[in-house]
Amino acid sequence: MLDPALQKTLDVVLARNPGEPEFHQAVREVFDSLAVVQQRHPEYNDQGILTRLCEPERQIIFRVPWVDDKGTVQVNRGFRVEYNSALGPYKGGLRFHRSVNLGIVKFLGFEQIFKNSLTGLPIGGGKGGSDFDPHGKSDGEVMRFCQSFMSELHRHIGEYTDVPAGDIGVGAREVGYLFGQYKRLTNRYEGGVLTGKGLDWGGSLVRKEATGYGATIFAEEMLKVRGSSFDGRRVGVSGSGNVAIYAIDKVQQLGGVVVTASDSSGYIVDEDGVDLELLKQIKEVERGRIADYVDRRGGRSRFVADGSIWEVPVDVALPCATQNELHQKDAKRLVENGVIAVSEGANMPSTPEAVEVFQDARVAFGPGKAANAGGVATSALEMQQNASRDSWTFEYTEGRLTDIMRSIHQNTLETAEEFGKPGDYVVGANVAGFRKVADAMLAFGVI
Ligand code: NDP
């Protein structure tokens, strides 16, 4: 039960944003955590902080026309939600996936505000994307789409205004086409306008690895609190994109054995541990399907087209595919099978009911806005390197990432303790992320 003032604010937000279930879910989860803050800080409510925080500062929706390889005109819809700039320029990725709509972009942008605040770096929150589906498109089609998308987006972004990056369906290839078109339209080599760039043209070492590495480091910290580690543990990872691949990499470095990976066609189980080089070859280089892994690997690997990846018994689970991919029944199965920690590489992959199961069973649960913050944190490090016209070594950058993840873990844990919810990383992340943004908003007056 929320307190009446919070409930009233939440009702207004839900009524003003109909038909956006993922956005409602993200807002409700934050409100659930904020009851403890509201009692101690009535000034936040008096100044309408939550009402203002839930309303994006700016929402841009635009037409993206492009011509496919057959000469047919295609039209997609582009989005950029510039959510909150209290702590710095809007910062958050672009998602190209057929499921993208305004509600999805708002949920991701809303989460991004708190996540970016948790990094301790000067970045606000934003998100964008399109319902364009890159699967099965030629390089030429992807390039023409990206150029058309940037032809509109470039008016709204800039290194001091709004700095997009990648997300689902947007990797190094897409960021290259987007940056090329921005440079051409503005006649400026403004490296800090996009992150996730190639290493030869302003990118940062470790950015590619950062989200997966970070989610694993966060899990390692949660395990340490329990006197445990990854060494010899069976680990389940979902997805096989950027976040999943580098989560697998880091788990293996820490001595864990990853036994699963997936894509939207199904999942694989490899009892001998996932062969990362083979997975990278298939998913990063060939852009193939996950079933190809089993065809080429053989041995004790198998492909499962139907069913849930979370039926596979593991000690640690790292959901790294997409939102709402881990349901209540999956959480129950994981708990029955003895899972001890769950760290979210993806954004909001566990449903609220699944989170409740984990928390009731005292499983260490790291929510995405804390656990996957390493990606955006390293994007901010990329911006620092661009601003100083410098590039750092892999070791130095990875050291910075590790420090940031440890400090997010510590801050989250201490904040949960301070507000009477020891061990609750959800409350810790929401409250710690919120406080900093709220205090900055108070300082600025009603804007
Ligand atoms: P990628 O596009 O590189 O990979 C996404 C992976 O998830 C693919 O294996 C994809 O399979 C799978 N997937 C996507 N949608 C679905 C679906 N509906 N059902 C089943 N599988 C699906 O994206 P990222 O790895 O970059 O992103 C993964 C998650 O991490 C997202 O939630 C993203 O928001 C989050 N994230 C990413 C960050 C980053 O730095 N990239 C930073 C922080 C969070 P298929 O190829 O079949 O579509």
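Please read all numbers here as calculations on a predicted model, not as lab measurements. These numbers come from the heavy atoms of this one structure, side chains and all, not from hydrogens, waters or symmetry mates. Whatever order the structure lists them in is the order used to number ligands and atoms, beginning at 1.
With respect to Arg300 and Asp270, no salt bridge is recorded, no charged nitrogen being found less than 4.0 Å from a carboxylate O.
Under the side chain to side chain donor-acceptor pair (under 3.5 Å) criterion, Asn337 pairs with no residue, sequence neighbours left out. Taking the ring pair (Phe, Tyr, Trp, His ring centres under 6.0 Å) definition, one finds that Phe434 meets it with Tyr44, sequence neighbours left out.
Among all protein heavy atoms, the one lying closest to atom 27 (O) of ligand 1 is Ile168 CG1, 3.6 Å. The shortest contact between atom 31 (C) of ligand 1 and any protein heavy atom is with Ala321 O, 3.5 Å. Summary of contacts: the protein heavy atom closest to atom 41 (N) of ligand 1 is Asn242 OD1, 3.6 Å. Looking at atom 9 (O) of ligand 1, its nearest protein heavy atom turns out to be Ser240 N, 3.0 Å. Protein heavy atom at the shortest distance from atom 2 (O) of ligand 1 is Gly169 N, 2.9 Å. Scanning all protein heavy atoms for the shortest distance to atom 39 (C) of ligand 1 gives Thr211 OG1, 3.4 Å. Of the protein's non-hydrogen atoms, the one nearest atom 46 (O) of ligand 1 is His135 NE2, 3.3 Å. Looking only at heavy atoms of the protein, atom 4 (O) of ligand 1 is closest to Gly241 CA, 3.3 Å.
In this structure, the side chains of Arg296 and Gln281 come closer than 4.5 Å at one or more pairs of heavy atoms.
Residue-ligand proximity: Gln323 is placed with every non-hydrogen atom at 4.0 Å or more from ligand 1. Ligand 1 lies nowhere less than 4.0 angstrom from a heavy atom belonging to Met348.
Here Ala210 has no heavy atoms under 4.0 Å from ligand 1, in either its backbone or its side chain. Under 4.0 angstrom from ligand 1, the non-hydrogen atoms of Arg207 all belong to its side chain.
The nearest non-hydrogen atom to atom 18 (N) of ligand 1, considering only Val170, Thr322, Ile245, comes from Thr322. With atom 21 (N) of ligand 1 as the reference point, the heavy atom nearest to it among Ser238, Ser264, Gly166, Ala165 is part of Ser264. For atom 32 (O) of ligand 1, the candidate residues are Asn347, Asn372, Val243; the nearest heavy-atom contact is made by Asn347.
Note that atom 35 (C) of ligand 1 has protein non-hydrogen atoms nearby, at separations under 4.0 angstrom.
Ring-centre distance between Tyr182 and Tyr177: not below the 6.0 Å cut-off. In this structure, His24 has its ring center no closer than 6.0 Å to that of Phe107.
Cation-pi contact between Lys137 and Phe132: present, with separation from the ring centre below 6.0 Å and deviation from the ring axis of at most 45°.
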